[in-house]
2 protein chains.
Amino acid sequence: MMDMTIRTARNTRRSDALSRERIVEATVEVLDATGEAGLTVRALTAHLSTGRGAIYHHVANKEELLAAATDDIVGRVTAGTGDDDPERAIRALALGIFDAIDAHPWVGTQLSREPWQPAVFRIWKSVGSQLQRLGVPGPARADAGSALVNYVLGAAAQYAAGARRATSDADRKAYLETLAAQWAQHDPDPIVQDAASQLREHDDREQFRAGVDIFLTGITARR
Amino acid sequence: MMDMTIRTARNTRRSDALSRERIVEATVEVLDATGEAGLTVRALTAHLSTGRGAIYHHVANKEELLAAATDDIVGRVTAGTGDDDPERAIRALALGIFDAIDAHPWVGTQLSREPWQPAVFRIWKSVGSQLQRLGVPGPARADAGSALVNYVLGAAAQYAAGARRATSDADRKAYLETLAAQWAQHDPDPIVQDAASQLREHDDREQFRAGVDIFLTGITARR
DNA sequence: ACACAGTTGGACCGGCGGTCCAATCTTGGA
DNA sequence: TCCAAGATTGGACCGCCGGTCCAACTGTGT
C-alpha cells in the first residue's frame, strides 16, 4: 500500500539486449569466478547489470540455467573427439571431461545431480557410439555404457567436490595431508595406514585414467 | 526495540531429552518421508516438537546432520558384509549400497556431494580390504579401489536422482517411457533410437550388477 | 506519427539456515 | 534440604535466497 517509490527516468533500454546466450555466458562466468554457492540470481543479474525479473523472460528457473551452462561446457568437449580408434576416442572423451571439471568444478557436481539433462545425454551418446564402433554387441553395450558413464560421472563428482574444498594446488595438497593424518590417527587398521600414505602422493588424473583402463579391459575382455 | 512478547509459562523441560542420537534418527525419518528437499531445520524441529535453536547444541549445522544420517544408513550396510570370498563380498557390498539407496534415495545424492565424510570413508575401507584379500597388489589397489568406489557412487547418484523424480515404480516406468520417446523424437541417430528402446526395458539393478562384473573382470584380467 | 507488443527491473513474498538469549530445568556442594 | 551455577530449551530475529508481479519504458510495423 502506498508505494512512494520515485520512478526515476533511468529505465532506459539497454543497448546490448539480454538474450539466453548472453545469460548462459554470464552464468558460466559467475560460476567460474565464485563457485556453485556463488551463483545466485542476485549475483547473476548484478553481473549483467539488470534486474532480477528480467532473466525470467529467457530462462524458466535456476535449474535450467545450470543445465544450460553445463551443456555449454560439455558440448565443447564432446564436439572435439574425432579419433579413429574407438578405444582412444573413449579415453580422450573421459579425460576431456575430467579436464573440463578441473577447469570448472561446478560441472562435476551438476552432472551427477540430474541424469537426464542435455549434457549427460551428450555423454551417453558419445560413449554409446564409440562402444558400437568398438564392436560391443547390443545388450552388452547398454551395460558397458552405463558402467563407463557412471564411473566417469562418479569420479567427476568426487573430484569436483574436492576441488570445491581446496581451490589452489597448494591448498589441495595441504588438505590431503591433513586428511591423511586424520585417517591414520583415527583408525589403526593397516589398510587405512596404507591408504593414507598413498593418498599423500596420488595423482587424481592418473588415477582417473587408470580407472578408465580397468573398465575398458573389463569390456573388451568379455567381448 | 520493545519486545512485547508475552512469555507464557510453557517453557517446561521435555521429559524425553534431546540427544544427538534422537536428532539423527528424526533426520532419517524426515528424509525418508519427505525427501532431501523436505529436510529443513523447521520441519525437523517440528518433528521433534522443539524449537529451532535447540538442535544446534547437538549438531553444528545441516551439513553435519546429513553426513550423520548418511553414515547411519551406510554403517548398517558395511557392517553386514562378512562373506569369505572377497569377490562375492565386493558384489554384496555394492548391491547392499544400491539397495540402501533404493530405500533411501537421499543417501545417493549425499554420498557424492562430499568425498571425505565418514560414510564414504567406510565404503573406501570396505572396498580396500576386500581388494587386498583378492590379492590386488599395493599401487594397483589404489587405482582399483578408486575405480570401484567412483563407479558405485556415480551409479548411486544417478539412480538416486532418478528415484527422486519418480517415486513409485509405475511413475518411474512412465517417466522412462516419456523420456525414451523424447530422445527418439529429438535425435534420429540410430544409436539414440537403440538406446531409447533399451531404456524402456532395462533393469537398473541388473545393469548396476553388470557394471560391477565388468569392473571385476577388468581387475582380475590385469592381475 | 503513433499504438502496441515485447522487454526491463525493482518491490515484494514466503521460506530458508543460523544466531541469540531470556526462561527454565538439573545438579552437586554446603 | 536448599540454592547457586551450569546446561538445555525454544522462539524471536537476521540476512539472504529463488521466484512473481507489474508499472514504466522502449523498438518496430503500419
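Lettering of chains follows the sequences in order, A, B, ..., and the numbering in each one begins at 1.
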*Asks:* Whole angstrom is fine here: how far is it from CG in B:L66 over to P in C:dG17?
*Replies:* 10 Å
*Asks:* Select from A:Y56 and B:I55 the residue whose nearest nucleotide in DNA chain D is closer to the 5' end of that strand.
*Replies:* B:I55
*Asks:* Is the phosphate of C:dC16, meaning OP1 or OP2, less than 4.0 Å from a side-chain N or O of B:R42?
*Replies:* yes
*Asks:* So, does the side chain of B:R52 form a donor-acceptor pair with the base of C:dG18 at under 3.5 Å?
*Replies:* yes
*Asks:* Write down the distance between CZ (A:R22) and C1' (C:dT7), rounded to a whole number of angstrom.
*Replies:* 14 Å
*Asks:* Would you mind telling me which residue lines up with the more 5' stretch of DNA chain D, A:H57 or A:A37, judged by nearest nucleotide?
*Replies:* A:A37
*Asks:* What nucleotide among D:dG18, D:dT9, C:dG17 has an atom nearest to a side-chain atom of B:T40?
*Replies:* C:dG17
*Asks:* Please state whether the phosphate of D:dT8, meaning OP1 or OP2, lies under 4.0 angstrom from any side-chain nitrogen or oxygen of B:H58.
*Replies:* no
*Asks:* Picking from A:T34, A:V30, A:V28, what satisfies side chain to side chain contact (heavy atoms under 4.5 Å, CB included) with A:D32?
*Replies:* A:V28
*Asks:* In whole angstroms, how far is the P atom of C:dC16 from the CG atom of B:N61?
*Replies:* 17 Å
*Asks:* I'd like to check A:E64 versus A:R20 (side-chain heavy atoms, cut-off strictly below 4.5 Å). Are they in contact?
*Replies:* yes
*Asks:* Determine whether B:D143 and A:E206 make a side-chain contact, defined as any pair of heavy atoms from C-beta on separated by less than 4.5 Å.
*Replies:* no
*Asks:* Where does the angle between the aromatic ring planes of B:W116 and A:Y175 fall among parallel (under 30°), tilted (30 to 60°) and perpendicular (over 60°)?
*Replies:* perpendicular
*Asks:* Please give, in whole Å, the distance from D:dG19 P to A:L44 CG?
*Replies:* 12 Å
*Asks:* In this structure, how many angstroms lie between the C1' atom of D:dG18 and the CG atom of A:L65, rounded?
*Replies:* 12 Å
